[in-house]
Amino acid sequence: ELTQEQLSLLNYILDAYNKYRIPLDMAKNLLQEQFSADENFILLTEMATSHVQVLVEFTKRLPGFQSLDHEDQIALLKGSAVEAMFLRSAQIFNRKLPHGHSEMLEDRIRKSGISDEYINPMFNFYKSVGELQMTQEEHALLTAVTILSPDRPFVKDVLSIERLQEPMLEVLHTFCKLHHPHNPQHFARLLGRLTELRTLNHHHTEMLMSWRVN
Amino acid sequence: PSGNSIGLEAIIRKALMGKYDD
């Protein structure tokens, strides 16, 4: 079972995660308007910027984050922003959307000018996250674990970050055991998605380059 | 670092300070 302290931590993270959203108007644009490839590029760029802004707000609420060295805070956010964005978009993509919206979203992304070489692994990732049928709690904790990864480039105080990440991993582990008693591999599978995210992060720079060239 | 990561860092720094304007 989760201890009282762990339960408080979980609820706190979940609450912060639920508030972490891009403005609704921007999300509506994505589904309602018809844009040219250029306008698609600008809209997706604005959404990415907005995503980083709300991600920072979520991250500020992670217990202990604000007591970290300021440059380490930036190194953690810089290292994880792309992964958190893919994780978040995987969650949105796997949600039950109104009829036709998933197709429209996929179509818009596919027509944004990014090569299939980069688009396909992204949709494969979305599908592999979808198969896990993650709860909101699992998404919140996995995002926190991703952000508080001590092995990001330019991090100085690895130990302090490990101390913040560990309780999140413990809560996630216990939560998985409680909610998936018949699937002992669930926790390991969640962590496996983090490995996939690292690969997507690695290819992200090349993906942006191909987007710009196109 | 690439131009992209500088842009990302600028957004992060502004957001950490609570500035969203530009």
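- A 4.5 Å side-chain heavy-atom check between Leu8(B) and Leu77(A) finds every atom pair outside the cut-off.
- The shortest non-hydrogen separation linking Gln53(A) to Ala15(B) is CA-CB, 4.2 Å.
- Within the 4.5 angstrom heavy-atom criterion, no atom of Phe154(A) approaches chain B.
- With Lys78(A) contributing its side chain and Ile12(B) its backbone, the two residues share no donor-acceptor pair below 3.5 Å.
- Rounding to the nearest 0.5 Å places CZ of Arg13(B) at 5.5 Å from NE2 of His70(A).
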